[in-house]
Q: 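First, the structure itself, so that you have it in front of you.
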There are 2 protein chains.
Amino acid sequence: MTTPANSTAFSGEVWAELRLADASDVPHIHALIHQMAEFELLTDLFAATHELLTSTLFPSPPRPPLTSFTALILDLSPSPLPASADSTIGSCRLDLSASPLADPEAAAFASPRGGGRVTAGFVICFPNYSTFLSKPGLYVEDIFVRAPWRRRGLGRMMLSAVAGKAAELGMGRVEWCVLDWNKNAIDFYEGMGAEVLPQWRICRLTGAALDKYKGGQEESGKAAAE
Amino acid sequence: MTTPANSTAFSGEVWAELRLADASDVPHIHALIHQMAEFELLTDLFAATHELLTSTLFPSPPRPPLTSFTALILDLSPSPLPASADSTIGSCRLDLSASPLADPEAAAFASPRGGGRVTAGFVICFPNYSTFLSKPGLYVEDIFVRAPWRRRGLGRMMLSAVAGKAAELGMGRVEWCVLDWNKNAIDFYEGMGAEVLPQWRICRLTGAALDKYKGGQEESGKAAAE
């Protein structure tokens, strides 16, 4: 059963595709990042703009996928989607016949790919490096699904597809971060085979604390921890 | 006072330079990574080879520094070093007149740059990405200094120089990881202006747990945490 994208109700079968993003997806990526900032109560840190997203995620000439910052888009379609060898990373089918789904933002998130598709989420990832393995890995900075589409297996499909791609590329690891109080997420990730490292903490130098290192280098040594 | 590199004793003034590495540094980088694995009691994870390091860190054509995986070398010189605009990232001078330094591995770590220089440490770093800032940052995977050269300010010089470079490039953050029980390192990093994030944990999918995602994608949805 098909459901037009400008409707707020989805029922029957819906086809999900995780695909490489392009510059036409920037407005939706921007809006999704803002929703993520609201969800994490971090809108004060939100400084993304269409211009910055375009220049950092979609430079020209384009880079091969997963060799640098890479954006992926989750589109949902009321009709089956032919997988594109060029851009499809993962896919799954949702059966909503038992519980129709209302998406009040469906019209605002109409996918630039057309065909009644609706954009429901995104992934940002980039290569990292393991010195011991001397191999690239993949770091997943964000996986986000809009509220009405959560708890239907889309996060699992997205992370599985990204992990599959990393494994196929011969990468040694896939890594991401989770908040230590988010037990549901930790259980979910452990169920997918991930190890949650208990002892490592992230150190961050940013803003004025980072800027003070600009141009200046220490000219004489003091005792250092390294 | 000059000290030949094949001696084990350094005294007087010594000039330290943090510089971009090249493929001729691979044997020393490999040996330093092995020392780091021994220090961290993780030699069972050590799988680095000269071939893997060369192909992943020094591909041809070369990439601009800090746009992908980047290796930096810490060289110590018995005579002043002219800074090279092309490759010098940071420098400092050590005054060893009060406490001469014995480096039993000085001959084994003679720098390929010659001039009596000795390689004493390395940095591996690569760009990461902040979605909220829509900007690249820099992730420091490793900073390592050989044992005789520790606690003389070289770690501070290296991290300051890397942070300065990131700030000059307009990057939004410098990040790295620390073990939560390593109070000395945490105090040192906080003293440099870094924030240690208490709540984030690293999730890692590797080895057989990663390989099982190869080629396969979930075809139907299950409840997901995202």
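Nothing here was measured: the structure is a model prediction, and the numbers come from that model.
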Q: Which one wins on heavy-atom pair count under 4.5 Å against chain B: A:Ala163, A:Gly191, A:Cys125?
A: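 Between A:Ala163, A:Gly191, A:Cys125, the count favours A:Ala163.
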Q: Please classify the contact between A:Thr67 and chain B as side chain, backbone, both or neither, with a heavy-atom cut-off of under 4.5 Å.
A: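 Neither part.
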Q: Provide the closest heavy-atom pair for A:Leu53 versus B:Ser134 in the form atom of the first, atom of the second, distance.
A: CD2-OG, 3.3 Å
Q: Checking B:Val178 against A:Trp200 for the side-chain contact (heavy atoms from CB on, under 4.5 Å) test, could you report, in this order, the C-alpha distance in whole Å, the side-chain angles of both residues, the deciding distance, and whether it holds?
A: CA-CA 6 Å; B:Val178 67; A:Trp200 291 99; 5.5 Å; no
Q: So, does A:Glu141 use its side chain to make a donor-acceptor pair with the main chain of B:Ser130 at under 3.5 Å?
A: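 Looks like no, no N/O pair under 3.5 Å.
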Q: Which atom names give the shortest non-hydrogen contact between B:Ala209 and A:Gly193, and what distance separates them?
A: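 Looking at all heavy atoms of both residues, the closest pair is CB-O, 3.5 Å.
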Q: Between B:Ser55, B:Ala16, B:Ala71, B:Pro136, which shows the greatest number of heavy-atom pairs under 4.5 Å with chain A?
A: B:Pro136
Q: Let me know if B:Thr49 has heavy atoms under 4.5 Å from chain A in its side chain, its backbone, both or neither.
A: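 Only the backbone of B:Thr49 comes within 4.5 Å of chain A.
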Q: Need one label for B:Asn128: side chain, backbone, both or neither, based on atoms under 4.5 Å from any heavy atom in chain A.
A: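 Both parts, backbone and side chain.
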Q: Where on A:Ile124 is there a heavy atom nearer than 4.5 Å to chain B: the side chain, the backbone, both, or neither?
A: side chain
Q: Does any backbone or side-chain atom of B:Leu42 lie under 4.5 Å from a heavy atom of chain A? Answer side chain, backbone, both or neither.
A: both
Q: Among the options B:Asn182, B:Leu159, B:Leu45, pick out the one with the most heavy-atom pairs lying under 4.5 Å from chain A.
A: B:Leu45
Q: Can you tell which part of B:Thr131 gets under 4.5 Å to a heavy atom of chain A, answering side chain, backbone, both or neither?
A: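 For B:Thr131, the contact with chain A is made by backbone and side chain together.
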Q: Quick one: do A:Glu175 and B:Arg204 make a salt bridge, cutoff under 4.0 Å?
A: yes
Q: Which bit of A:Phe122 comes within less than 4.5 Å of chain B, counting heavy atoms only: side chain, backbone, both or neither?
A: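 Answer is side chain: those atoms of A:Phe122 sit under 4.5 Å from chain B.
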Q: Heavy-atom distance under 4.5 Å to chain A: side chain of B:Glu40, backbone, both or neither?
A: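 Interface part for B:Glu40: side chain.
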Q: If you take all heavy atoms of A:Ala194 and B:Leu205, which pair is closest and at what distance?
A: N-CD1, 3.6 Å
Q: Which region of A:Met171, side chain (C-beta onward) or backbone (N, CA, C, O), has a non-hydrogen atom less than 4.5 Å from a non-hydrogen atom of chain B, or is it both or neither?
A: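 Contact with chain B is through the backbone of A:Met171 alone.
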Q: Please report the shortest heavy-atom distance between B:Ile33 and A:Phe132, naming the atom on each side.
A: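 Where B:Ile33 meets A:Phe132 most closely, the heavy atoms are CG2-CD2, 3.8 Å.
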Q: What is the minimum heavy-atom distance between B:Thr206 and A:Gly172, and which atoms define it?
A: OG1-O, 2.8 Å
Q: Given the options A:Ile186, A:Leu57, A:Thr43, which has more heavy-atom pairs under 4.5 Å with chain B than any of the others?
A: A:Leu57
Q: Please confirm whether the ring centroid of A:Phe126 lies under 6.0 Å from the ring centroid of B:Tyr129.
A: no
Q: Between CD of B:Gln199 and CZ of A:Arg201, what distance do you get to the nearest 0.5 Å?
A: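 CZ of A:Arg201 is found 10.5 Å from CD of B:Gln199.
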Q: Can you tell which part of B:Pro198 gets under 4.5 Å to a heavy atom of chain A, answering side chain, backbone, both or neither?
A: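 Just its backbone gets close to chain A.
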Q: Hey, what do you get for NZ (A:Lys135) to CG (B:Leu52), rounding to the nearest 0.5 Å?
A: 7.0 Å
Q: At a heavy-atom distance under 4.5 Å, which candidate from B:Asp211, B:Leu133, B:Asp180 has the highest pair count against chain A?
A: B:Asp180
Q: What's the shortest heavy-atom distance between B:Val196 and A:Cys203, and which atoms?
A: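 In terms of heavy atoms, the two residues are closest at CG2-SG, 4.0 Å.
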Q: Using a cut-off of under 4.5 Å on heavy-atom pairs, state which of A:Gly207, A:Ala48, A:Ala208 scores highest against chain B.
A: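 It is A:Ala48.
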